[in-house]
Amino acid sequence: MLDPKWIREQIDEVRSMLECRNMDLDLSELSALEVRRREILVDVEARKARRNEGSKTVGAKRKAGENCDALMEEMRCLGEEIKELDAELERIERDFEAWMLKLPNRPLPSVPVGKNEEDNVVVRTWGTPRALPFEPKPHWEIAEALDILDFERGVKLAESRFTVVKGLGAKLARALINFMLDLHTNEHGFMEINPPILVNTATMRGTGQLPKFAEDQYRCANDDLWLIPTAEVPLTNLHAEEILDEAELPKHYTAYTPCFRREAGAAGRDMRGMLRQHQFDKVELVKLCAPQNGEAELEHLTNCAEKVLQLLELPYRVMALCTGDMGFASAKTYDLEVWLPYQNCYREISSCSICTDFQARRMNTRYRPEAGGRPQYVCTLNGSGIAIGRALIAILENGQNSDGSVTIPRALRPYMRELEAIVPH
RNA sequence: GGUGAGGUGGCCGAGUCGGCUGAAGGCACUCGCCUGCUAAGCGAGUAGGGUGGCUAAAACCGCCCUCCAGGGUUCGAAUCCCUGCCUCACCGCCA
């Protein structure tokens, strides 16, 4: 959620912000609501003040044994007026709130301005793709030959975009999870969390999945619960409705969870293989910090995610997303893109974002500054650290050998009984 | 799922037949005093949000709202009524 004061005072800046995000919205209704809201508020509060005063007088007069029927009647009428105005105010505030929840976050000045992914900027590249002396195979062919992914049975059990992972594939996925969690908790100072993966509507609203992106979510209609699309949702919301001490910040959380996405807008995209699934595993990184440290924390968070790819010896590059390509809640995003030999290009494997106070406003997560003064909204950050399924794909494709085997990255071998490669039967 | 009890400030806890209780008392914390140091003692202070005035902005002053949430009764509700949520206990079921 944006600062209502900013909307009130700098509506033109809001307009140009929306424009750089490719959003065309008429904000005149929003401005009108804000003006009307304050008119009614001032009016109704004045009436309430009079009623409070009058009621006090009634109490005093009664105690003194005086008659006060007239005053009571007057207060009763006043009460009815207040009731009507309150109802009007509630309608306006509901509309205003609905508007506010639909507006995206404001990009930081350092974000490149652009229309779509073509305007994203390469920040740095790490590693060199292996020169394969043979035609690289896609991960689905490698995996089926090794009997570690079963696409048909995934569809049988659920529907398309579900996959069964088995044997050494499942063990490799589990190794990836443990390797990443160990790295982030032992080396990067994150606290491991095992959160609910069904959350309520308020929690989904807190991080920005609702109300605008309901179509992308799985929900349990009977229970007002939603399957999380990312552990960002429960982790970031851990401190919803709380006021933290500045000394407690920054908070670093990591979690492994399954994630669920309906992929509503992705019909036909990446249908082969395991790149885009309705259910996938991910290790997530989340930070809450004071706003002045936000951008530095984003660099650190991104580095933590990069470290995973470096230790897995997977070539990647870091992209700064442009204004037109960023997510709804983000003020600045770095995508990590891993090299995929068969596709002969880099594909997204992690997305690291700073959400400034956008989510904190929705969640009402604040901190008490050490210097004193009023509580301030925290700054929230999140990043994949990293997606398990896509890491598995990257390992299969980058580690493939001419004999059909796949070399296991050294960092994972302690988690695989020192197995060096998965070989076909 | 059933029955019973309960949800008050950072924590504990009081709130009488509805009004002077945004909330007694205690603890904790902050500042000051006192003390050779510590402890004790003394004094003062310590919720959040909204909005109006003043202001460059604050500070400051006023008003409104908040005693789990939402509704109701009333001139007036922490206090009465209804609904929901949550917590605890027992029963049922269960990985």
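In this text, all values refer to a predicted model and were calculated from it rather than measured experimentally. By convention in this document, chain letters (A, B, ...) are assigned in the order of the sequence lines, proteins followed by strands, and residues within each chain are numbered from 1.
Nucleotide B:rG41 forms a pair with B:rC33, judged by Watson-Crick or G-U wobble geometry with both contacts under 3.5 Å. Pair check for B:rA69 finds B:rU83; Watson-Crick or G-U wobble, both atom distances under 3.5 Å. Base pairing of B:rG52 is made with B:rC61, judged by Watson-Crick or G-U wobble geometry with both donor-acceptor distances under 3.5 Å. Pair assignment for B:rG1: B:rC91, on the basis of Watson-Crick or G-U wobble contacts that are both within less than 3.5 Å. In this entry B:rA23 has no Watson-Crick or G-U wobble partner, no candidate having both defining distances under 3.5 Å. If you check B:rU74 for Watson-Crick or wobble pairing at under 3.5 angstrom, you find it has no partner at all. Pairing of B:rC17, defined by two Watson-Crick or G-U wobble distances under 3.5 Å, is not identified with any nucleotide.
Regarding contacts with the backbone of B:rG76, every side-chain N or O of A:Asn52 stays at 4.0 angstrom or more from both OP1 and OP2. For A:Arg38, no side-chain nitrogen or oxygen approaches OP1 or OP2 of B:rC64 to under 4.0 Å. Taking only side-chain nitrogens and oxygens, A:Arg51 comes nearer than 4.0 Å to OP1 or OP2 of B:rG76. Between A:Arg368 and the phosphate of B:rC29, there is no side-chain N or O to OP1/OP2 separation shorter than 4.0 Å. In this structure, A:Arg76 does not reach the B:rG76 phosphate: none of its side-chain N or O atoms is under 4.0 Å from OP1 or OP2.
Side-chain contact check for A:Tyr334 and A:Glu299: at least one donor-acceptor pair (N or O, by modelled atom type) lies under 3.5 Å. There is no side-chain donor-acceptor pair under 3.5 Å between A:Asn105 and A:Ser330. Counted by atom type alone, A:Glu232 and A:Gln359 present one or more donor-acceptor pairs between their side chains at under 3.5 Å.
One interatomic measurement links the two molecules: CE of A:Met75 to C1' of B:rG19, which rounds to 15 Å at whole-angstrom precision. For A:Arg50 and B:rC64, the CZ to P distance is 12 Å, given to the nearest whole Å. Rounded to an integer number of Å, the gap from A:Asp86 CG to B:rU66 P is 10 Å. Remark: P of B:rU73 and CE of A:Met72 are 15 Å apart, rounded to the nearest angstrom. Taking atom CD1 of A:Ile243 as the reference point, atom C1' of B:rU66 lies 13 Å away to the nearest angstrom. Spacing between atom CZ of A:Arg47 and atom P of B:rG52 amounts to 17 Å, rounded to whole angstrom units. The distance between atom CD of A:Glu370 and atom C1' of B:rU30, rounded to the nearest whole Å, is 14 Å. Distance, A:Leu41 CG to B:rU66 P: 13 Å, rounded to whole Å.
Rounded to the nearest Å, the gap between the P atom of B:rC60 and that of B:rA40 is 32 Å. The C1' atoms of B:rG26 and B:rU8 are separated by 15 Å, rounded to the nearest whole Å. Rounded to the nearest Å, the gap between the P atom of B:rG10 and that of B:rA23 is 14 Å. B:rC29 and B:rC12 have their C1' atoms separated by 15 Å, with the value rounded to a whole Å.
Residue A:Lys63 places a side-chain atom within donor-acceptor reach of the base of B:rC20, judged by atom type and a 3.5 Å distance cut-off alone. For A:Glu45 against B:rG52, no side-chain N or O and base N or O form a donor-acceptor pair under 3.5 Å.
Although no hydrogens or angles enter the test, the distance criterion places a donor-acceptor pair under 3.5 Å between the side chain of A:Arg21 and the main chain of A:Gly327. A distance-only check finds a donor-acceptor pair linking the side chain of A:Arg261 to the backbone of A:Pro229 [under 3.5 Å].
At the heavy-atom level, A:Val58 lies under 4.0 Å from base atoms of the strands shown. Counting non-hydrogen atoms under 4.0 angstrom, A:Arg374 reaches the backbone sugars and phosphates but no base. Residue contacts for A:Leu71: at a heavy-atom cut-off of 4.0 Å it reaches no nucleic acid atom on any strand shown. When heavy atoms are screened at a 4.0 angstrom cut-off, A:Arg361 is found touching no nucleic acid atom at all. Within 4.0 Å (heavy atoms only), A:Arg37 reaches sugar-phosphate atoms of the nucleic acid but no base atom.
With salt bridges taken as basic N to acidic carboxylate O contacts below 4.0 Å, one links A:Glu34 and A:Arg37.
Distances from the side chain of A:Glu90 to the nucleotides B:rG71, B:rU51, B:rC75 place B:rG71 closest.
When each of A:Thr236, A:Thr380, A:Asn382 is paired with A:Thr207, the side-chain contact (heavy atoms from CB on, under 4.5 Å) condition holds for A:Thr236 and for no other.
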